[in-house]
Amino acid sequence: QVQLVESGGGLVQAGTSLRLYCVASGGTLNNYYMGWFRQAPGKEREFIAVINWSGSSTVYGDRMKGRFWISRDNFNKTMFLQMNSPRPEDTAVYYCAADRSIGNIIRGSGIEYWGQGTQVTVSS
């Protein structure tokens with residue numbers, strides 16, 4: 001059974017770059033897609049980005065392009081989300097996920113593995 005644990009969240013000032021981490025343990029994620037989501041208070045969960053196993057292909061949510069960068073290091077079983085110039089509206093709990101289907105990741109449903117989330121608060 002794979003466990004995903006996010007870290008790197010916290011309180012940051014707007015414009016200060018932030019990197020989130022998602023570390024996998026307890027199993028392998030060979031050929032799994034991995035993705036990032038976020039959920040702000042009172043709002044629906046939002047897809048941020050997904051990356052394939054090799055890291056050669058990524059897909060970003062429409063509103064996420066340009067300020068977020070997804071990457072992964074399979075040797076260290078870690079996925080990253082680089083947040084550039086975060087804004088107060090980026091305040092949310094950020095979750096990582098893993099699934100064999102890119103469609104499940106993009107739709108945010110039927111996902112096999114979820115992390116517990118890390119809070120990101122961006123102050124103005």
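No hydrogens, no waters, no symmetry mates; every other heavy atom, side chains included, goes into these values.
- Of the inter-residue distances, the one linking I70 atom CD1 with I48 atom CD1 reads 8.5 Å to the nearest 0.5 angstrom.
- Contacts classified as ring pair (Phe, Tyr, Trp, His ring centres under 6.0 Å) and involving residues 59-103 (residues at least two apart or in different chains) are given here: Y21-F80.
- Put simply, V122 and L11 are part of two different groups of oily side chains (I, L, V, M, F, W, Y) that touch within less than 4.5 Å, one to the next.
- Shown here for R72 and Y32, the closest heavy-atom pair between the two residues is NH1-O, 2.9 Å.
- Between the side chain of T78 and the backbone N or O of N76, at least one donor-acceptor pair lies under 3.5 Å.
- Pairs engaging residues 94-112 under the salt bridge (Lys or Arg N to Asp or Glu O under 4.0 Å) rule: none recorded [sequence neighbours left out].
- Not a single salt bridge (charged side-chain N to carboxylate O under 4.0 Å, His left out) links R19 to another residue, sequence neighbours left out.
- Contacts of T28 classified as side-chain contact (heavy atoms from CB on, under 4.5 Å), with partners at least two apart in sequence or in another chain: N30.
- Among residue pairs with one or both ends in residues 33-56, those qualifying as salt bridge (Lys or Arg N to Asp or Glu O under 4.0 Å) are R38-E46, R38-D90, E46-R63; sequence neighbours excluded.
- For W114, the ring-ring contact (aromatic ring centres under 6.0 Å, His included) partners at least two apart in sequence or on another chain are F37.
- Remark: side-chain polar atoms of N104 are not paired, donor with acceptor, to backbone N or O of G108 under 3.5 angstrom.
- Across all their heavy atoms, C96 and E6 have their closest contact at N-OE2, 2.8 Å.
- Between S17 and N84, the shortest heavy-atom distance links the atoms OG-OD1, 3.5 Å.
- Taking 4.5 Å as the limit, some side-chain heavy atom of M34 sits within range of a side-chain heavy atom of L4.
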